[in-house]
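Computed from a predicted structure; not experimentally measured.
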4 protein chains.
Amino acid sequence: MTIKREIQASVKDEQLVEKRRNQMIRGAVSLFKEKGFHRTTTREIARAAGFSIGTLYEYIRTKEDVLFLVCDSIYEQVRNRLSSMDLERGTLESLRLGIDHYFRIIDEMQDEVLVMYQEAKVLSNEALPYVLKKELEMVGMFEKLIRRCVENGELDISNEHQQLLAHNIFVQGQMWGFRRWALQKTCSIDDYICLQTDLLFSGIQGFKKQMEVGG
Amino acid sequence: MTIKREIQASVKDEQLVEKRRNQMIRGAVSLFKEKGFHRTTTREIARAAGFSIGTLYEYIRTKEDVLFLVCDSIYEQVRNRLSSMDLERGTLESLRLGIDHYFRIIDEMQDEVLVMYQEAKVLSNEALPYVLKKELEMVGMFEKLIRRCVENGELDISNEHQQLLAHNIFVQGQMWGFRRWALQKTCSIDDYICLQTDLLFSGIQGFKKQMEVGG
Amino acid sequence: MTIKREIQASVKDEQLVEKRRNQMIRGAVSLFKEKGFHRTTTREIARAAGFSIGTLYEYIRTKEDVLFLVCDSIYEQVRNRLSSMDLERGTLESLRLGIDHYFRIIDEMQDEVLVMYQEAKVLSNEALPYVLKKELEMVGMFEKLIRRCVENGELDISNEHQQLLAHNIFVQGQMWGFRRWALQKTCSIDDYICLQTDLLFSGIQGFKKQMEVGG
Amino acid sequence: MTIKREIQASVKDEQLVEKRRNQMIRGAVSLFKEKGFHRTTTREIARAAGFSIGTLYEYIRTKEDVLFLVCDSIYEQVRNRLSSMDLERGTLESLRLGIDHYFRIIDEMQDEVLVMYQEAKVLSNEALPYVLKKELEMVGMFEKLIRRCVENGELDISNEHQQLLAHNIFVQGQMWGFRRWALQKTCSIDDYICLQTDLLFSGIQGFKKQMEVGG
DNA sequence: AATGAATGAGTGTTCATTCAT
DNA sequence: GATGAATGAACACTCATTCAT
């Protein structure tokens, strides 16, 4: 169950709040993508959402609320889509599939992830921990995936290695988005998944060894 | 050879320009660290640099110039410190040492790297490519380090793997800074270097294999 | 006969209008008391009155109407309570009693009087004269009280003195409210009535004279 | 010596600050007079002062600062002009002259006094006490004037009567301004001074008595 | 070369009022 | 007759930039 950090709205009809906020988020993401949070005005957000500035403020209290809503929504989407992963099987294949799945989600949500990635830090001291918490939850999913492999005897790495590995996977996903200017020039998402999986599973010495074995 | 992107100054005396800009950068970094680029005012930068707002504008043309100067200076520092790496030896040990060296630099320059990392994106379309270019140069250093290993027969991985590996190393360095809220709670820089090196060199199956061998 | 300044309502049922407006006034007085007219929003008034903002506007046309209603209501209350005074007897004792009565009313309605006193001026050029007229009516009551004394031979002061005296009494009543920060620290309403009556009746030389007589 | 409540300015040249603030006060008084503090915008104040909105905010920090400056300046003016009063002589004549002097000052500064009188209450909890303190200082001047008369044997009234009398005089001065709509229709300032002095000195029974004596 | 007072476009936010349901 | 979502003009305040001294 998710801890809800409520953003206050003046409007009472909860369905309407949901609907209007979704309009708002959609508009805001594309604006933040284009010019960043700080260079986007609330008026622009309202216009992009399809309503007036007055109406915008019926559904939030401060501009930062919009950013929070955006971040929250993106995490929620990623997590929802990630939830179809099988965390329990505990085979290397399921880990490989999990990574594949996650990287493809990021690929499809590149813009959103980039926005969140670049702007989340401007969230206030009140809101930021909540967002970071969500991030840790997602990292936790990879940790679980890995731990089950260890428990299954498919993998033998220390607890610390497991944790860092989970972080690496998580960051390598985001990296596909935030370093697209470098990576996506020479590389498709399929390539990327393939290459990263190689490195992840075999390490650089793995190649050497295989070579030696093969040679 | 480095492409110089000149920031125009009204003042002619180049030594003075250099000196004033260094004051400016020092002040700006600590301000950006504290409150980010957008929440820092030019007046604050001037004050932190030790001169008046009018003088500030004798050495730059826009606020963004300050950010550029800051990013440029940070990259330059990282690169300078990195330049003591031996890129040519082409042994796994030299690669390991290179990573160790780089990660420790990042650790010491955490604040600066974080600033640059978080704010660089607001640079205009004119300045950003220049900064990204510098980043690629640094990635290139790791690529070279790796390529020499391959040429030396110490490693046998494809060109694509080499490139991605270089990116991974570069990002894992930055990651130590920008994910400090998660990583640095349980882990020293020594631990981090050790763990990342393990994963990098052996991959996760490496561990398994060793186990099998050992078992 | 009272001149009625009609505030337009959309609702036809006059009893309902009366009822709703009373709710509104009660809510508004306590809000104006707390934060003044300008810092009180129509939404707050509606909420304090127990109905919606839409309903509020069924019974008034502008926010200023609320202020008018409030002022009107307060004057009406003061006047009603004042109406038990005996204006006709024409003795110094009845004047003394009238003052006593009036000062005690003000004391009990301090908050309301303060509100009206401080906010009435923001009424538009259309509504203000109406309110001032009511005030003059009340001053007129004291004038009558005094005049009857003169007619009775109990007092011998000129017409101008009578008028100014009436104003003084009226203002000294309000003064108990609007200077409470100074007066009510060291003085009860009983004290205040007593002291003011002394000054009013004897003047400052009166004391001297009595002393001389007594000495 | 006056306790200074400093309003922060960005501009350092103190003479310039003084000059600009005087421009500001002059403009603000006439605007507040016309439409009250709340209906006056900061842009209007800036324009009336003869500079831009940006410049206005170089000399104050909030709109309320303007009101404080206005109130402070008015009190200071009244007090300065009042300072020529001889507080020490302790004769009834000097008291009479003091009142005459004070009432004439109020008459000349009617607009200013009215503004301060009507708007001072919106000052924040921080600034209001400071203004009230100044008011009490002025009341204190009348108290002193009266006390010296008592000490001189010219008057024999209790401490409490002295205090209230001082308040009455102070309020009757202001009253000439804030009730001008009623008083100034039938009465010049000379008349007003004369009538109020009569009532003050003789009380209403004084008239009667004189009559009896005279009769 | 250095200063800092002046500028005003631009920002986030509020709130009286309307009107479709 | 009652509701409350929608509106947008209006507001206080900020800050990058300029330029006369």
Sequence neighbours excluded, which residues qualify as side chain to side chain donor-acceptor pair (under 3.5 Å) partners of D:Tyr57?
-> none
Considering heavy-atom distances to DNA chain F, does A:Tyr59 or D:Glu44 have its closest nucleotide positioned more toward the 5' end?
-> A:Tyr59
Tell me, which pairs form a ring pair (Phe, Tyr, Trp, His ring centres under 6.0 Å) where one or both residues lie in residues 21-56 of chain B, sequence neighbours left out?
-> A:His38-B:His38, B:Phe32-B:Phe37
Residue pairs passing the salt bridge (charged side-chain N to carboxylate O under 4.0 Å, His left out) test with at least one member in residues 52-71 of chain D, sequence neighbours excluded, are B:Arg43-D:Glu58
Can you name the residues that form a side chain to side chain donor-acceptor pair (under 3.5 Å) with B:Arg20, not counting sequence neighbours?
-> B:Gln23
Send over the distance from B:Arg47 CZ to E:dA2 C1', rounded to a whole Å.
-> 17 Å
Dot-bracket line, read 5' to 3' along DNA chain F, where crossing pairs take [ ] and | marks a partner on another strand, Watson-Crick or G-U under 3.5 Å | .||||||||||||||||||||
Would you mind listing every ring pair (Phe, Tyr, Trp, His ring centres under 6.0 Å) that reaches into residues 9-29 of chain A, with sequence neighbours excluded?
-> none
Chain C reaches DNA chain F, atoms under 4.0 Å from its heavy atoms, from F:dG1 to F:dA5
Identify the heavy atoms of D:Ile7 and D:Leu69 that sit nearest to each other, and give their distance.
-> CG1-CD1, 3.7 Å
Can you check nucleotides 11-14 of chain E for protein contacts, nitrogen or oxygen pairs under 3.5 Å, and list what you find?
unit_1: E:dG12; atom_1: OP1; unit_2: A:Lys63; atom_2: NZ; d: 2.7
unit_1: E:dG12; atom_1: OP2; unit_2: A:Thr42; atom_2: N; d: 3.0
unit_1: E:dG12; atom_1: OP2; unit_2: A:Thr42; atom_2: OG1; d: 3.3
unit_1: E:dG12; atom_1: N7; unit_2: A:Arg43; atom_2: NH1; d: 3.3
unit_1: E:dT13; atom_1: OP2; unit_2: A:Tyr57; atom_2: OH; d: 2.5
unit_1: E:dT13; atom_1: OP2; unit_2: A:Lys63; atom_2: N; d: 2.7
unit_1: E:dT13; atom_1: O5'; unit_2: A:Tyr57; atom_2: OH; d: 3.4
unit_1: E:dT13; atom_1: O4; unit_2: A:Arg43; atom_2: NH1; d: 3.4
unit_1: E:dT13; atom_1: O4; unit_2: A:Arg43; atom_2: NH2; d: 3.1

From C:Glu126 CD over to C:Phe68 CZ, what is the distance, rounded to the nearest 0.5 angstrom?
-> 9.0 Å
Sequence neighbours left out, what pairs pass side-chain hydrogen bond (donor to acceptor under 3.5 Å, both in side chains) with at least one residue falling in residues 113-123 of chain A?
-> none
Test side chain to side chain donor-acceptor pair (under 3.5 Å) applied to C:Gln77 - qualifying residues, sequence neighbours left out = C:Ser73
Kindly state which residues belonging to residues 15-27 of chain D come within less than 4.0 angstrom of DNA chain E, counting heavy atoms of the residue only, listed by number.
-> D:Leu16, D:Arg20
Using atom CG of C:Leu56 as one end and atom P of E:dC15 as the other, report the distance to the nearest whole Å.
-> 15 Å
Between C:Glu58 and A:Glu58, which has a closest nucleotide on DNA chain E that is more 5'?
-> A:Glu58
Hey, are the side chains of D:Val29 and D:Ile25 touching, using non-hydrogen atoms and a 4.5 Å cut-off?
-> yes
When rounded to the nearest 0.5 angstrom, what is the spacing between OG in C:Ser30 and NZ in C:Lys35?
-> 10.0 Å
Those residues that, when tested against C:Thr41, pass side chain to side chain donor-acceptor pair (under 3.5 Å) (two or more places apart) = C:Glu44
Below 4.5 Å, heavy atoms only, C-beta onward: do D:Ile45 and D:Met24 meet side chain to side chain?
-> yes
